[in-house]
Amino acid sequence: MTPGDLIARCQAGDVEAFEALYRQHAPRLYTLACRMAGSPEDGEDLLQEIFLQAYRKLGSFKGDSAVGTWLYRLALNHCLDYVRSRQAKMNKLTETLDGDSSFEPTARRETPIARLDLDRAVERLPEGCREAFVLHDVEGFDHKEVGKLLGIAEGTSKSQVFKARMKLRSFLRGKT
């Protein structure tokens, strides 16, 4: 079945086709949602919301881009909205990491534990740094694209990514 056929079946209300679409794209979108939200639990909630929104908007999909690209853009926008609303709810309070000494990773980079340490360290980044870091270093967007996606200057993106890298180094060396 071609991607066009799959979308046509989804648009016609075929539940099995939508399940196939979900299975095909959920892993990548879940990874994005977890990284942007900062936790697997919030990532799971976001993934469900993303696919609910995709289901509602399938009628507006015109095929101008690949369905994977369309879903990724929809997911990214939803994640950014989530992060922005969370920031607004917190009255844009910034998390200060310098006073928190509860995180003390000790694993080497090659181990699965080290991967968990890195994931936890990324979760601890202030939201602006985490967003820019995930979009640039993890998802591969250039600083100009990151700036457009987050509504910040290209230089701010560079600065946020730099700060994120410095904080991650500090966290992972146990110098919180």
Side-chain angles (χ1 to χ4, degrees), residues 25-54 56-57 60-62 64-103 105 109 114-176:
H25 297 282
R28 182 172 183 225
L29 300 181
Y30 174 70
T31 300
L32 172 70
C34 287
R35 288 184 172 138
M36 292 297 287
S39 78
E41 296 81 17
D42 290 340
E44 183 67 36
D45 290 343
L46 281 173
L47 182 66
Q48 297 304 317
E49 293 168 12
I50 289 163
F51 274 96
L52 182 60
Q53 187 176 29
R56 290 178 181 149
K57 292 187 174 195
S60 68
F61 178 73
K62 294 177 179 56
D64 297 336
S65 62
V67 69
T69 304
W70 178 76
L71 281 170
Y72 188 85
R73 173 59 68 183
L74 189 123
L76 182 59
N77 288 337
H78 191 77
C79 290
L80 290 172
D81 289 344
Y82 168 81
V83 169
R84 288 182 190 126
S85 72
R86 187 169 63 183
Q87 284 176 331
K89 288 176 189 169
M90 296 174 60
N91 291 328
K92 297 190 180 190
L93 291 175
T94 56
E95 299 172 12
T96 54
L97 301 172
D98 298 330
D100 184 5
S101 60
S102 63
F103 184 80
R109 288 185 177 160
R115 178 70 191 163
L116 287 173
D117 287 346
L118 179 60
D119 289 344
R120 287 185 191 127
V122 170
E123 288 174 13
R124 295 184 64 219
L125 291 171
E127 291 188 19
C129 291
R130 183 176 61 238
E131 292 169 6
F133 176 80
V134 167
L135 292 174
H136 182 269
D137 284 8
V138 178
E139 296 297 326
F141 289 99
D142 65 33
H143 286 293
K144 188 174 187 177
E145 293 171 312
V146 172
K148 286 181 183 176
L149 290 168
L150 297 178
I152 59 176
E154 183 178 347
T156 304
S157 170
K158 290 177 183 178
S159 172
Q160 294 284 26
V161 170
F162 177 79
K163 288 176 187 174
R165 289 175 184 161
M166 302 283 50
K167 286 188 180 293
L168 286 172
R169 280 188 194 122
S170 174
F171 295 157
L172 295 172
R173 288 183 181 147
K175 297 179 182 176
T176 58

Do E44 side-chain atoms and E41 backbone N/O form a donor-acceptor pair below 3.5 Å? no
Heavy atoms of C129 and K163 approach each other most closely as SG-CB, 3.8 Å
Any side-chain heavy-atom pair of P40 and E123 under 4.5 Å: yes
Check each of H25, E139, R28 against Y72 using the side chain to side chain donor-acceptor pair (under 3.5 Å) test, and report the only one that passes. E139
Any Q160 side-chain heavy atom under 4.5 Å of L150 side chain: no
Rounded to the nearest 0.5 Å, what separates atom CG in L135 from atom CG in L80? 6.5 Å
Output for pair (R124 CZ, R120 CZ), nearest 0.5 Å, gives 11.0 Å
For residues 146-157, which residue pairs pass the side-chain hydrogen bond (donor to acceptor under 3.5 Å, both in side chains) check, not counting sequence neighbours? H143-S157
Are side-chain heavy atoms of K167 and F133 found at a separation under 4.5 Å? no
Minimum-distance pair of heavy atoms, taken over all atoms of L46 and A37: CD1-CB, 3.6 Å
Below 4.5 Å, heavy atoms only, C-beta onward: do I50 and C79 meet side chain to side chain? yes
So, taking the atom named CZ in F162 and the one named NE2 in H136, what distance separates them when rounded to the nearest 0.5 Å? 13.5 Å
Non-neighbouring partners of H78 that pass ring-ring contact (aromatic ring centres under 6.0 Å, His included), sequence neighbours left out: none
Could you tell me the separation between the CG atom of L74 and the CD atom of Q53, rounded to the nearest 0.5 Å? 4.5 Å
If you measure only the distance, is there a donor-acceptor pair under 3.5 Å linking the side chains of Y82 and D42? yes
Do the non-hydrogen side-chain atoms of L76 and F141 ever get within less than 4.5 Å of each other? yes
Hey, could you give me the CZ/CZ distance between F51 and R56, rounded to the nearest 0.5 Å? 14.5 Å
Report the distance from atom CG of L125 to atom CE of M166, rounding to the nearest 0.5 Å. 12.0 Å
If you take all heavy atoms of L47 and A26, which pair is closest and at what distance? CD1-O, 3.9 Å
